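Working notes, beginning with the structure itself.
Quick caveat, the model's predicted, so the values are computed rather than measured.
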Amino acid sequence: MVKSISILGCTGSIGRQTIAAAEHIGMPVAALTANKKIGMLEEQARRLRPEFVAVYDEEAAKQFKIAVADTGIRVGSGMEGLIEAACMDGADCVVTAVSGSVGLKPTLAAIDAGKRIALANKETLVCAGDIVMARAAEKGAEIVPVDSEHSAIFQCLMGRGRGELKKILLTGSGGPFRGRPRAELEDVTPEQAVKHPNWSMGAKISVDSATMMNKGLEFIEAMHLFGVTPDDIQVVIHPQSVIHSMVELVDGTVIAQLGVPDMGLPIQLALTYPERVPSMFGRLDFTKLKDLSFEAPDLEKTPCLGLAMDCARTGGTAPCVMSAANEVAVGMFLRHALGYNRIYDAAAGAVAKLGSVRDPDLETILAADSAARAYVMENFGK
């Protein structure tokens with residue numbers, strides 16, 4: 001079990017749930033970071049009394065520094081602030097709960113500092129998985145996944161050698177529009193897209209779950225986290241979200257991890273691993289489970305998933321381009337500036353236009369990220 005944590009992205013859904021888990025198990029918080037929600041951040045900072053707080057937005061950082069001037073909390077800003085929070089001497093675990101590629105540099109800095117990474121930021125591995133995993137192996141930094149599916153796989157593989165694994169069975173609920181043809185989704189609103197049937201999540205990840213881009217990002221993440229190829233992963237639609245993922249072993253045995261659909265469980269495990277402690281979360285009542293069903297994904301109805309799986313096979317900068325373009329497109333959709341079906345069009349268009357650079361270094365990845373964002377703004381912005 002780690003002794004103290006830094007939380008990057010403390011005002012988002014994962015960040016707030018991390019704080020709840022940390023308070024429940026009595027784990028100190030050494031540093032917090034946020035982007036602009038300084039009202040919520042001030043409340044968190046006064047309650048938790050971290051040594052350091054970073055606000056990514058420069059203007060919001062100035063306001064926050066004034067707001068907490070009486071507390072003695074040090075305040076930083078921008079990317080430098082995020083990196084300092086990720087490298088705090090007083091924390092041995094960094095929870096990367098920021099959204100988007102902004103999490104990449106702080107995560108690499110935390111790895112260099114030898115921290116445990118409780119990884120909730122998808123884009124870190126989607127964009128630079130080869131670099132991140134190689135750096136973690138070099139520095140001896142531990143990466144424990146926070147995402148429910150990857151946490152499930154992680155748990156199913158505990159104590160098992162890589163040679164025992166035959167296949168990863170990556171489950172997904174199918175989202176709020178499961179089974180509906182793409183043509184029927186033309187007029188979907190942000191309010192409809194964020195209403196996930198099982199999970200309570202932030203707006204961006206909820207939209208990604210609706211388009212199933214989220215499952216595509218998880219597909220790419222799983223390749224890097226568990227050292228497998230695209231052919232070693234099978235996506236399975238499981239609408240009830242009771243089984244969070246499974247692994248098939250070489251002898252045909254299938255091991256599944258089950259639990260209530262609450263992100264607090266994988267978050268707490270990432271903080272306490274390899275130990276387990278009592279949690280405040282609900283328990284499954286098997287006598288009330290009426291059905292556990294499974295089906296194959298329909299890639300015609302969920303083209304974002306198909307696009308992500310294609311980018312996983314292409315490799316290079318293709319996953320980064322797709323992820324960055326999708327991030328911008330989802331932001332535009334949430335602002336009612338882009339139609340729901342155009343999210344796929346933007347991501348696919350960026351991949352087709354920008355192509356893929358093989359074996360990219362970090363500078364090339366960041367350049368691809370910027371180019372993808374510019375492409376969407378120039379071709380899909382109003």
Side-chain angles (χ1 to χ4, degrees), residues 1-34 37 40-54 71 73 82 85-98 103 106-107 110-111 113-121 136 141-159 199-202 205 225 241-242 244-245 257-285:
M1 186 185 299
V2 298
K3 297 177 181 178
S4 182
I5 58 175
S6 291
I7 306 173
L8 310 185
C10 62
T11 59
S13 175
I14 296 296
R16 297 194 304 273
Q17 291 178 84
T18 300
I19 288 174
E23 290 183 310
H24 172 71
I25 61 180
M27 183 169 290
V29 176
L32 298 170
T33 82
K37 297 179 180 178
M40 183 188 303
L41 179 61
E42 180 182 355
E43 186 278 325
Q44 292 174 341
R46 289 185 179 277
R47 190 171 82 246
L48 299 172
R49 292 290 169 153
E51 177 185 338
F52 178 72
V53 174
T71 64
I73 295 172
L82 266 63
C87 298
M88 288 286 296
D89 288 338
D92 51 354
C93 175
V94 178
V95 182
T96 58
V98 293
T107 301
I111 288 172
K115 310 293 187 183
R116 170 183 290 182
I117 310 298
L119 186 64
N121 173 261
E142 193 175 37
I143 296 180
V144 180
V146 165
D147 190 75
S148 61
E149 289 83 357
H150 298 121
S151 177
I153 298 162
F154 180 78
Q155 293 177 67
C156 290
L157 291 174
M158 283 180 182
W199 296 91
S200 176
M201 304 178 293
I205 191 173
L225 279 169
S241 297
V242 172
H244 300 307
S245 273
Q257 189 267 328
L258 289 72
V260 296
D262 191 319
M263 280 302 301
L265 287 168
I267 290 169
Q268 178 171 299
L269 179 64
L271 303 184
T272 65
Y273 173 79
E275 300 174 38
R276 293 182 187 266
V277 300
S279 76
M280 57 185 170
F281 309 108
R283 302 293 195 271
L284 281 179
D285 184 344

Listed partners of A152 passing side-chain contact (heavy atoms from CB on, under 4.5 Å), at least two apart: H244, S245, Q257

Side chain to side chain donor-acceptor pair (under 3.5 Å) with E42: which residues, sequence neighbours excluded? R46

Could you pull out all residues at least two apart from E43 that satisfy side-chain contact (heavy atoms from CB on, under 4.5 Å)? R47

Output all residues satisfying side chain to side chain donor-acceptor pair (under 3.5 Å) with S151, sequence neighbours left out; order by chain, then residue number. Q155

side-chain contact (heavy atoms from CB on, under 4.5 Å) partners of R16, counting only residues at least two apart: S13, M40, Q44

Just verifying a value: how many Å separate Q17 CD and H24 NE2, rounded to the nearest 0.5 Å? 14.0 Å

So CD1 of I25 and CE of M280: to nearest 0.5 Å the spacing works out to 9.0 Å

Sequence neighbours excluded, which residues qualify as ring pair (Phe, Tyr, Trp, His ring centres under 6.0 Å) partners of F52? none

Give the table of side-chain donor-acceptor pairs shorter than 3.5 Å for residues 265-272, with sequence neighbours excluded, one pair per line with atom names and distance.
unit_1 : atom_1 : unit_2 : atom_2 : d
Q268   : NE2    : V277   : O      : 3.0
T272   : OG1    : Q268   : O      : 3.3
T272   : OG1    : E275   : O      : 2.8

Go through the structure and list residues passing side chain to side chain donor-acceptor pair (under 3.5 Å) with D89, not counting sequence neighbours. none

With sequence neighbours left out, what residues match E142 under side chain to side chain donor-acceptor pair (under 3.5 Å)? R116

Show me the donor-acceptor pairs within less than 3.5 Å that the side chains of residues 3-10 make with the rest of the protein, sequence neighbours left out.
unit_1 : atom_1 : unit_2 : atom_2 : d
S4     : OG     : P28    : O      : 3.2
S4     : OG     : G90    : O      : 3.2
S6     : OG     : A85    : O      : 3.0

